[in-house]
Amino acid sequence: MPNSQSQPAVTRGADIRKTFLDFYAQRGHTILPSASLVPEDPTVLLTIAGMLQFKPIFLGQRKAEVDRATTSQKCIRTNDIENVGRTARHHTFFEMLGNFSFGDYFKEQAIAWAWELSTEVFQLPKERLVVSVFREDDEAFAIWRDQIGIPPHRILRMDEEDNFWTSGPTGPCGPCSEIYYDFHPELGDEDIDLEDDTRFIEFYNLVFMQYNRDANEKLTPLENQNIDTGLGLERMAQILQKKPNNYETDLIFPIIQTAADIPGLLYEQCDEPTKTSLKVIGDHVRAVVHMIADGITASNVGRGYILRRLIRRVVRHGRLIGIEGAFINLVAAKAIALAETVYANVRERETVIMAELAREEARFLETLERGEKLLVDILEQQAEQISGAEAFVLYDTYGFPLELTQEIAEENGLTVDVDGFEVEMEKQRQRSKEAHETIDLTAQDSLNQLTEKLRSTSFLGYTDSTSASRVEGILVSGQSETTAGPGTEVQILMDQTPFYAESGGQIGDRGYLLGETFVVRVEDVQKESDFFLHVGRVERGDVTVGDSVTAQIDRAHRRRTMANHTATHLLQAALKALVDDSISQAGSLVSFDRLRFDFNCSRSLTSDEIQQVEEQVNTWISEAHQAKVEVMPIDEAKDRGAIAMFGEKYGAEVRVIDFPGVSMELCGGTHVNNTAEIGVFKIISETGVAAGIRRIEAVAGPAILDYLNVRDAVVRELSERFKVKPEEVPERVSSLQGDLRNAQKDLEGLKSELAVLKSDQLVSEAEAVGNVKVLVAAMEAVAPDALKTAAERLLQKLGEGAVVLGSVPEAGKVSLVAAFSPQVIDKKLQAGKFIGAIAKLCGGGGGGRPNLAQAGGRDAAKLPEALQTAKQQLMDTLGDS
Ligand code: SER
């Protein structure tokens, strides 16, 4: 039956995201980029909600630079990990769309906009929406009833557990109000149970953020009344795409299909456990790709442990659905392709992501095989429970996270002695403490232990390029080791270092750690809270905890990075001066070979503006401005007009990079002493990355030579190949393109002629029905026009009859034609109507005259079946009379 309900205008996940942001941008909200999954907030391991980056603003610790903001925030929650794939809507990774008011609008306006967006923009039928408010929030109740017009029995008062939102045990919080969608309104208004997730889905949570909760659960009113909302992108996609669950929406399903293709499964035909495994893969792969993109590496501590656990679950579920060997890169590639237009760093960090995933997968596959054998033995021997000691051996020796053992045990009707496991874990901690004076990094919470035991790394790199340091810790694949030999990939902790750790957009330094008998090459430096992890490889000798080293950065690499970093500041200053003073940084990457600067701007820059900005930066470079670097209280820096990045967390004291009269910014990065050191600056591209956010890519300093050399080599090669001068290359290419187009046209023509001639052979396949002939056939890759000519020609040869031909001229296209003679038409068969109906079977349509008509479709797989139906119908109709 045709669906009488009109289809909402917005259904695709990408459109839902954009529509949300645009809606609030049109209502005075600044679109801000998603914060990293690694939060500044030390109370949580991962970003769990859109509000997290604004927590200091809600608490009055930082001044908001805008009154209203809107974001699409990447989030990860792992508290319900066991439910992923089993229910319709649990995720680890998800995107939360939010609108925020920092002491600006409050309840009334937030409710009115949420309602307008849901019912008018997303066109959700009002009668399908139910709302909840906090039990004591009479004000919100009255707004929904009196101003929005919701019947009182569809406004449910809920208690604190459901409708009082806080990001953690302490922090900003407040009553909230949620909007639910009803999948089964036919069940009536009596006994509405919002907990029934087969009927209702909560998609929009409006938090009226007005208290701070302290450790004693005491609520103190915040200085401002704020709004924090979250609309689940995947949930809205489920509703608008009319899918039975979140996983089958266009945000995740392509990943599931990629995974299903590997062992040759058809998702629709899979049993429930297989579907669950596919959903787990679809969900977790998004999570791990974004986690690695945001700088997390797999380890046995903190968020590194969460990453490792998710990767291992993906691998294990892959095996459950029959995948043998490594596969995670294949599914990750799909997740990257789906995410890259919104979160560009997944593509930029693709190599790192793929390498990290492949490494973890290979390691786990190895141990899994050995561990699985052991687990099977254990399972066979157990009546009810796997002992703590056994679970610990699986964890310690075979890398089975406790939760994985629990999950497998549960599948086999067993439990695990978790307390016993903890006891074993504690014993292990004691053992390793006694064994060596180093920190036990194998424990999940040892990141905290580490911070307690070691002093944070001192950074000397603003002034020094070498330092005499002591090796304090060595990590090999996330495990603490006392020593590491040649060829080992290591992460090294030291008491002090000249190496800059990646932060504020600037990449980590490279260089060497030189010991008396060993050399470690450092390829990257990452920060874990205040500790610098020097990531690299032992080139020679053995490095051991306690060793003295000379830490030496690659100066040339650093100089290039500094040139790009200072150039980024100059670029921001020039954009503000020449394009729009309200431009501010929305993200940046400073590398040794290029720089990237994202900024808020509602339109693209003109080529004149780009040229002026480039000229201005180069003028400042040649004017040789001297840098003044000072540390000062944040308020003083702001009073002096220093630019701060919105959403960045700053301490009470800040570092200010000042090129007097040109640019003054809060920044922890490394910079040139004088702008003249940059040499020259060139903008490579200006593009849009998200609604309201533009991106400039540029190069500065010595990196320009690399850029020019690459370009120059390309042009030289082209000019040699085409045997023209470099400046004549574009013209030559245009003329070749023209030749190619003509040749292609000729080729198409010839192919069609050939197809028409070949069609003559089909005459013998015609079947006689009464005194007419019926010919239904598929032809190989024939263009629509040629197919029509062939049909006409065949009908002419048959005399009285019906000819139906189908072909797939190119991937994703079906072409159909019907030619009927007068006698056939007399039998009430019309070519136009007939072929239109057949085309529908191939996901298309079309029509034409009673004697000759063409149609098209998209689903080539359905063509044989559609032609079979056509033949049957013709035989039936013509045979009957
Ligand atoms: N902070 C609230 C939530 O996560 C609304 O964004 O649900």
Side-chain angles (χ1 to χ4, degrees), residues 16-17 20-21 23-24 29 31-35 37 39-41 43-59 64 68-80 89-107 109-111 113-115 117-118 131-134 137 140 158-181 194-195 197 200-213 219 222 224-236 238 246 287 647:
I16 297 172
R17 192 191 292 112
F20 183 98
L21 296 175
F23 179 87
Y24 283 104
H29 293 63
I31 301 175
L32 294 174
S34 172
L37 281 171
E40 298 279 344
D41 182 349
T43 64
V44 280
L45 273 181
L46 292 163
T47 295
I48 50 149
M51 54 73 69
L52 212 64
Q53 63 167 316
F54 305 119
K55 210 166 140 180
I57 298 179
F58 290 139
L59 290 175
R68 302 172 184 183
T70 179
T71 61
S72 158
Q73 175 66 50
K74 326 174 250 202
C75 299
I76 290 191
R77 292 185 188 174
T78 49
N79 41 347
D80 278 327
R89 64 197 61 140
H90 276 99
H91 290 297
T92 55
F93 177 90
F94 62 98
E95 285 177 79
M96 188 182 280
L97 302 169
N99 53 289
F100 304 91
S101 152
F102 308 121
D104 186 30
Y105 64 86
F106 199 48
K107 272 183 209 185
Q109 185 62 81
I111 290 177
W113 278 337
W115 189 252
L117 177 70
S118 304
V131 301
S132 69
V133 296
F134 178 48
D137 194 349
M158 310 277 274
D159 57 23
E160 197 164 319
E161 220 166 82
D162 295 303
N163 277 46
F164 197 92
W165 203 88
T166 173
S167 67
T170 61
C173 56
C176 61
S177 179
E178 299 166 331
I179 312 181
Y180 287 75
Y181 181 80
L194 293 178
E195 301 284 308
D197 66 2
F200 293 104
I201 186 171
E202 177 225 325
F203 64 90
Y204 208 169
N205 184 14
L206 318 176
V207 183
F208 312 123
M209 204 60 110
Q210 48 185 326
Y211 301 108
N212 181 25
R213 184 158 75 176
L219 298 181
L222 294 170
N224 283 322
Q225 293 189 319
N226 308 292
I227 290 293
D228 151 35
T229 79
L231 179 142
L233 174 62
E234 292 78 6
R235 294 182 175 197
M236 186 53 87
Q238 183 197 337
N246 285 196

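Position 1 is the first residue of the sequence; numbering continues from there. Read the numbers this way: they start at 1 and go in the same order the structure lists the ligands and their atoms.
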Checklist outcome for this item: If we number the atoms of ligand 1 from 1 as shown, the ones under 4.0 Å from a heavy atom of Val207 are 2 (C), 5 (C)
Checklist entry - In ligand 1, which numbered atoms sit nearer than 4.0 Å to a non-hydrogen atom of Met96? => result 3 (C), 4 (O), 6 (O)
Item to check | Ligand-side contact atoms (ligand 1) for residue partner Met51, heavy atom cut-off under 4.0 Å | outcome: 1 (N)
Next on the checklist: Just to confirm my output: which protein heavy-atom neighbour is closest to atom 1 (N) of ligand 1, and how far is it?
Outcome noted: Asp228 OD2, 2.7 Å
Item to check | Side-chain heavy atoms of Met209 within contact of Met51, under 4.5 Å | outcome: yes
Checklist entry - Do Gln210 and Asn226 have side-chain heavy atoms sitting under 4.5 Å apart? => result no
Next on the checklist: Applying side chain to side chain donor-acceptor pair (under 3.5 Å) to Thr70 and Asn99, what does each step give before you reach the verdict?
Outcome noted: CA-CA 4 Å; Thr70 179; Asn99 53 289; over 6 Å; no
Item to check | Atoms of ligand 1, numbered as shown, that sit under 4.0 Å from any heavy atom of Ala49 | outcome: 4 (O)
Checklist entry - With a 4.0 Å cut-off on heavy atoms, is Gln73 touching ligand 1? => result no
Item to check | Residue that, paired with His29, satisfies ring pair (Phe, Tyr, Trp, His ring centres under 6.0 Å) out of Trp113, Phe20, Phe23 | outcome: Trp113
Next on the checklist: Heavy atoms only, cut-off 4.0 Å: how does Glu178 contact ligand 1, side chain, backbone, both, or neither?
Outcome noted: neither
Item to check | Side-chain heavy-atom pair Glu40, Gln53 within 4.5 angstrom cut-off | outcome: no
Next on the checklist: In terms of relative ring orientation, are Phe102 and Phe100 parallel, tilted or perpendicular, with 30° and 60° separating the classes?
Outcome noted: parallel
Checklist entry - Which heavy-atom pair separates Tyr204 from Ser118 by the least distance, and what is that distance? => result CD1-OG, 4.1 Å
Checklist entry - Which atoms of ligand 1 sit under 4.0 Å from any heavy atom of Arg77? => result 4 (O)
Checklist entry - Is there a donor-acceptor pair closer than 3.5 Å between any side-chain N or O of Ser177 and the backbone N or O of Ser132? => result yes
Next on the checklist: What protein heavy atom lies closest to atom 7 (O) of ligand 1? Include the residue and the distance to one decimal.
Outcome noted: Asn205 ND2, 3.0 Å
Checklist entry - Quick check: does Gly230 get an N/O under 3.5 Å from an N/O on ligand 1? => result yes
Checklist outcome for this item: Within the 4.0 Å heavy-atom cut-off, what Ile48 brings close to ligand 1 is neither
